[in-house]
Each structure stands twice: as structure tokens, then as C-alpha cells.
Protein chains: 2
Amino acid sequence: MEYPAVAPARRGELSDRRVLVVEDDPTVLEVASAYLESAGYLVEVATDGFAALEAVAARRPDLVVLDRMLPGIDGAEVCRRIRASSTVPVILLTAMSATEDRIDGLEAGADDYLAKPFSPRELVLRVQSILRRSVTELTPEAAIERGPFALDPAARIIRRDGRELALSVREFDLLAFLLKHPRQAFSREQLLHAVWHWDFGDLSTVTVTVRRVREKIEDDPTSPTTLVTVWGVGYRLDL
Amino acid sequence: MEYPAVAPARRGELSDRRVLVVEDDPTVLEVASAYLESAGYLVEVATDGFAALEAVAARRPDLVVLDRMLPGIDGAEVCRRIRASSTVPVILLTAMSATEDRIDGLEAGADDYLAKPFSPRELVLRVQSILRRSVTELTPEAAIERGPFALDPAARIIRRDGRELALSVREFDLLAFLLKHPRQAFSREQLLHAVWHWDFGDLSTVTVTVRRVREKIEDDPTSPTTLVTVWGVGYRLDL
DNA sequence: CGCGACCGTCCGCATTTCGTAAGGTTCGGA
DNA sequence: TCCGAACCTTACGAAATGCGGACGGTCGCG
């Protein structure tokens with residue numbers, strides 16, 4: 001079996017957490033964003049301190065990756081101002097591993113640090129580690145009600161006509177994704193990427209999981225009316 | 001005395017927080033108090049274990065800084081007794097940086113520890129870090145009534161259908177947390193962080209405590225209907 | 001100093017999950 | 001009608017997951 005370049009988010013944590021990356025170096029920004037996205041996060045970016053503060057207020061990310069050295073306001077100062085109005089976890093990227101910076105960072109209220117140059121994998125690991133534990137700071141995902149289906153992401157429950165469906169982790173994640181994007185056709189590759197966070201792999205994995213979901217939501221699984229096949233393309237959820 | 005170069009408390013946030021410092025060495029006590037006060041905390045002091053226990057009960061501080069070496073009762077022992085009746089965060093001052101002490105401290109229920117001789121700056125930083133982290137849990141806790149359960153955080157009592165449950169400290173903390181966040185699925189790791197205040201550790205600790213709580217709240221603990229398992233994810237309290 | 005409560009850890013077992021493969025079926029174009 | 005590709009169905013088995021039981025260490029109390 002083949003593995004993606006970065007460890008995928010853990011099961012049950014595939015929810016679309018938003019991470020704000022604040023970095024003025026385009027190269028670093030590009031690399032960090034790519035790795036975080038491939039780990040399943042929605043990445044938003046800002047290239048200076050003011051934009052960062054605006055983004056935190058407006059977009060309410062679940063976590064902030066913040067460069068210590070920024071044009072305009074200093075990173076630690078940005079961190080302090082974020083702290084003045086928010087408890088969002090902050091990972092500070094420091095130029096050196098000097099204790100001076102570390103103390104400043106602690107003082108500014110950062111939750112973790114990473115000395116540059118840093119490994120993008122390690123960044124992903126730290127982000128995952130913090131988000132895995134966080135409970136209260138996370139913005140709760142909104143419940144969705146569409147057609148006969150009701151999705152409660154926090155409880156990890158999907159109901160159909162009020163009855164709770166007995167779904168496994170994969171089945172839940174797949175159906176939840178489709179419920180968030182109804183009436184839209186997705187290829188197997190797209191689903192493998194969006195739900196499994198795999199960059200490559202056996203596409204029949206998707207086929208079989210679709211089959212299993214159908215078994216639980218279709219009145220007649222042999223002729224689906226809700227999770228339909230789009231021939232030559234993939235699948236679509238009709239409501 | 002030279003005045004500490006620590007960031008002052010932000011207005012409206014850290015003010016009014018009461019920190020109890022338990023330390024028999026007058027010099028250390030003086031220095032620590034000065035730094036904490038200049039950081040905006042209201043500092044109260046105790047010079048031995050008995051006075052500390054009394055102060056915790058009577059003054060209900062928001063955080064306790066506790067020397068490991070005390071005349072009379074041992075610091076770790078004081079910590080344990082505090083834990084028996086309170087969830088107030090405790091920072092333990094250990095004489096040496098030996099891992100031995102650290103383990104003892106964690107076992108006694110301390111939230112953090114600091115090796116002596118310590119930098120007063122760092123002490124302030126740790127205090128800030130912990131109080132910021134638990135700001136929501138420190139706000140005066142209101143009684144909650146949900147379904148058949150009634151939670152009285154101040155008295156540390158949980159009733160079910162009016163009958164008081166005989167819960168141990170850990171069991172109480174876990175059930176209380178779940179009662180505060182009903183119908184929401186939590187991973188073991190989240191629970192370990194939110195209830196145990198551990199950033200690492202054996203996840204089976206959570207599993208076992210869940211089992212013990214089930215024994216006391218479920219009609220049939222072998223097929224739970226209230227504290228249910230979310231397969232591949234964790235646990236959820238349904239009411 | 002023994003007894004029980006508490007609590008973290010560990011082990012064996014049962015169950016569930018899920019990727020993979022293999023063979024059958026359907027679809028659409030020529 | 002024929003054919004290949006796309007899709008479906010089923011089954012298998014390794015791995016993951018959860019659970020009960022038990023053990024040992026610590027602490028409180030008589």
C-alpha cells in the first residue's frame with residue numbers, strides 16, 4: 001500500500017479546520033501552505049501583521065502560524081494583539097532557536113515555536129498535535145440539514161428522516177463531505193483527496209465505500225436514487 | 001529591588017486573578033510575590049502546608065504556586081490534598097530538575113513544575129500561560145441540569161434523578177466535563193487534555209475511567225446508552 | 001500496620017473496520 | 001449486436017479498535 005507524502009489527519013479529525021499562515025517570504029509561505037493543505041487543512045494566508053490581525057478577526061481561524069520577522073509590526077507584537085481578543089492557538093516561527101526569542105514568544109502568548117529553517121513536516125505535526133487536543137478554542141462546525149438528511153459534525157451523527165445512521169468513520173466522512181457539497185459530481189480522485197487525504201492510491205477504495213454508504217441510505221441500494229453514479233465521471237449526491 | 005521586566009497584565013483580562021504562593025524561604029517568597037504582583041496579580045502567601053490548605057479552602061485562589069519542600073507536610077502531599085477538593089491549577093517548585101521530582105509532581109496532580117533555582121520571569125510566564133489556558137474554566141461555575149443529571153461544581157456533586165452519585169475525583173471531572181459539553185464527540189486525546197491536563201500519556205487511562213463512570217451511571221454498563229462510544233473517534237454523552 | 005478506595009497500566013480477547021482483489025454486470029459507441 | 005471500459009458486488013483477512021479483567025502502587029483511615 002502506498003502512503004501520501006504527509007501523514008494524513010487522524011481518523012475522525014478530517015473536519016475542515018482553518019489555519020492562517022502569516023509569512024512574508026513567498027517560498028516559505030508556499031511550502032508551508034502546500035504541506036498543510038495536503039494534511040487536510042484549509043489554509044488562508046497573510047503577508048504582513050496588519051493583514052494577519054484583520055484575517056484573525058474576520059475569518060476566525062482555528063490556528064495561526066506566525067512568522068516572528070514580519071515587515072511592519074513585529075511577529076511577537078502581532079501575537080500579543082491577537083491574544084488581546086482571541087484564544088486561538090498560535091505557533092511562532094522564530095529565526096533562531098535563541099532563548100531570547102523563546103522567552104519573548106512565551107511572553108507574547110504563543111503556544112508553540114518552531115526554529116527556522118524548519119521542516120514542513122514538523123510544522124504539520126505540531127499543528128496536528130495542537131488541534132488534536134484543543135476542545136474549547138475550536139470553532140464548532142455548523143449543523144447542516146438538507147432534504148431528509150441532518151448532519152451534526154460535533155456529535156458525529158447523520159440522521160435520515162430523524163433516524164440516526166450507523167456509519168463507520170470513513171462512511172461518515174464521505175457522506176458528510178457530500179452533504180456539504182450536494183448536487184455536485186466528484187471524481188473518485190477528488191473524493192480520495194478530499195475525504196481520504198490521499199494524493200494517490202487505489203480508486204476502488206472509493207467505489208467500495210460508496211457502495212457501503214448506499215447500503216445504509218438507499219431504499220434500494222441496487223438502483224440508487226440519492227448517491228448516484230455519474231457515468232465516466234464519479235458520484236453525486238442528489239437530494 | 002529591581003523591577004521585573006515582564007509584560008504587565010492586559011487590561012480587563014488578567015486583573016483580579018488571585019495567586020497563592022506557598023513558600024517557606026522568605027527571600028524566594030519575596031521575589032516571587034514582587035514579580036507576580038508587578039504582572040498584575042493579587043498575591044496571597046502561606047509559609048507552610050497547613051496554612052496553604054486553609055488558604056485554598058478559604059480564599060479560593062485562581063492558581064497556586066507551591067514549593068515542593070515545606071516544613072510539616074510535603075509539597076506533593078499538599079498538592080494531592082488540594083486536588084481532592086479542588087481543580088485549581090498548581091505550579092510546583094521542585095528543588096532539583098530531576099525527572100524523579102517531575103514524575104512525583106505530575107502524579108500529585110500538579111499542572112506544571114519549575115526547577116529551583118528558577119527565573120522569576122519564567123514563573124510569571126508559566127502562571128500567565130496556565131491562567132490564559134484555563135480562563136474559561138475559572139469563571140464562576142454555574143450549576144447545570146441536563147436530562148436526569150444535575151451538576152453542582154462548587155459542591156463537586158453530580159446527581160442522577162436526584163440521587164447523588166458516588167464518584168471519585170477523576171470520575172467526577174470527566175463526567176462534569178461531558179455534562180458541560182453534551183452531545184459532542186471527543187477523542188481520548190481531547191479528554192486527556194481537557195480533564196487530566198496532560199499533553200501526553202496513555203490513552204487507555206481515558207478508556208478505563210470511562211468504563212468506571214459507566215458502571216455508575218448506566219443501567220446496563222455493557223450496552224451504554226448515555227456515555228456512548230463513537231467508534232474510531234472517542235466518546236459522547238447523550239442525554 | 002492492615003484494609004479498602006483510588007487510579008494508572010497492562011494483557012488477552014472479541015468485534016469492527018476497511019483496503020484489496022477477483023469475478024460479474026452494465027453502459028455506450030460503432 | 002458486439003466489445004471494451006467503467007462500474008458493481010462480494011468476500012477475505014490484516015489491522016485497528018474497544019473492552020473486561022486483573023495487577024500493583026499509593027494514599028487515607030481506623
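Not measured: the values here are computed from a predicted model. The chains referred to below are lettered A, B, ... by the order of the sequence lines, with proteins before strands, and numbering in each begins at 1.
Judged by distance alone, with hydrogens and angles left aside, R211(B) brings a side-chain donor or acceptor within reach of the base of dG21(D), the pair sitting under 3.5 Å. Side chain R170(A) to base dG19(C): no donor-acceptor pair is found below 3.5 Å.
Closest-nucleotide positions on DNA chain D for R214(B) and T207(A) were compared, and the one nearer the 5' end corresponds to T207(A). Where V210(A) and V208(B) each meet DNA chain D at their nearest nucleotide, the meeting point lying more 5' is that of V210(A).
Atom CG in D173(A) sits about 13 Å away from atom C1' in dC18(C), given to the nearest Å. Taking atom CZ of residue F172(B) and atom C1' of nucleotide dC6(C), one finds them 17 Å apart after rounding to whole Å. When rounded to the nearest whole Å, the span between CZ of F186(B) and C1' of dG18(D) equals 20 Å. Rounded to an integer number of Å, the gap from L174(A) CG to dG19(C) C1' is 15 Å. Rounded to whole Å, the distance from CG on D202(B) to C1' on dC7(C) is 12 Å. Atom P of nucleotide dG8(C) and atom CG of L191(B) are separated by 13 Å, given to the nearest angstrom. Straight-line distance from the CH2 atom of W231(A) to the C1' atom of dA6(D): 4 Å, rounded to whole Å. The interatomic distance linking D220(A) (CG) with dT9(D) (C1') rounds to 14 Å, in whole Å.
Judged purely by atom type and a 3.5 angstrom limit, R236(A) has no side-chain atom pairing as donor or acceptor with the backbone of V230(A). Side-chain atoms of S204(A) never come within 3.5 Å of backbone atoms of T207(A) as a donor-acceptor pair (strictly under, hydrogens ignored). T209(B) places a side-chain N or O within 3.5 Å of a backbone atom of T205(B) that can act as its donor or acceptor partner.
Between S168(A) and dC18(C) there is a side-chain polar atom (N or O) within less than 4.0 angstrom of OP1 or OP2. For dC19(D), the OP1/OP2 oxygens have a side-chain nitrogen or oxygen of T229(B) closer than 4.0 Å. Under 4.0 angstrom from either OP1 or OP2 of dG19(C) there lies at least one side-chain N or O belonging to W196(A). Distances shown here put a side-chain N or O of Y235(A) below 4.0 Å from the OP1 or OP2 atom of dC8(D).
Ranking dC19(D), dC12(D), dG8(C) by closeness to the R212(A) side chain, first place goes to dC12(D). Of the listed nucleotides (dT9(C), dG8(C), dT9(D)), dT9(C) has the atom at the smallest distance from the side chain of S204(B). For R80(B), whose side chain is taken as the heavy atoms from C-beta onward, the closest listed nucleotide among dC10(C), dC27(D), dC19(D) is dC27(D). Side chain of T205(B), nearest nucleotide from dT9(C), dC6(C), dG19(C): dT9(C).
Put simply, the residue from L237(A), D238(A), V213(A) that forms a side chain to side chain contact (heavy atoms under 4.5 Å, CB included) with T226(A) is L237(A).
Residue V233(A) is in sugar-phosphate contact alone, with no base atom involved, counting any heavy-atom pair closer than 4.0 Å across all strands shown. Nucleic acid contact for V169(B): sugar-phosphate only, since backbone atoms but no base atoms lie under 4.0 Å from a heavy atom of the residue.
Between L151(B) atom CG and R160(B) atom CZ the span is 15.5 Å, to the nearest 0.5 Å.
Using a cutoff of 4.0 Å between basic side-chain nitrogens and carboxylate oxygens, E215(A) and R212(A) are not scored as salt-bridged.
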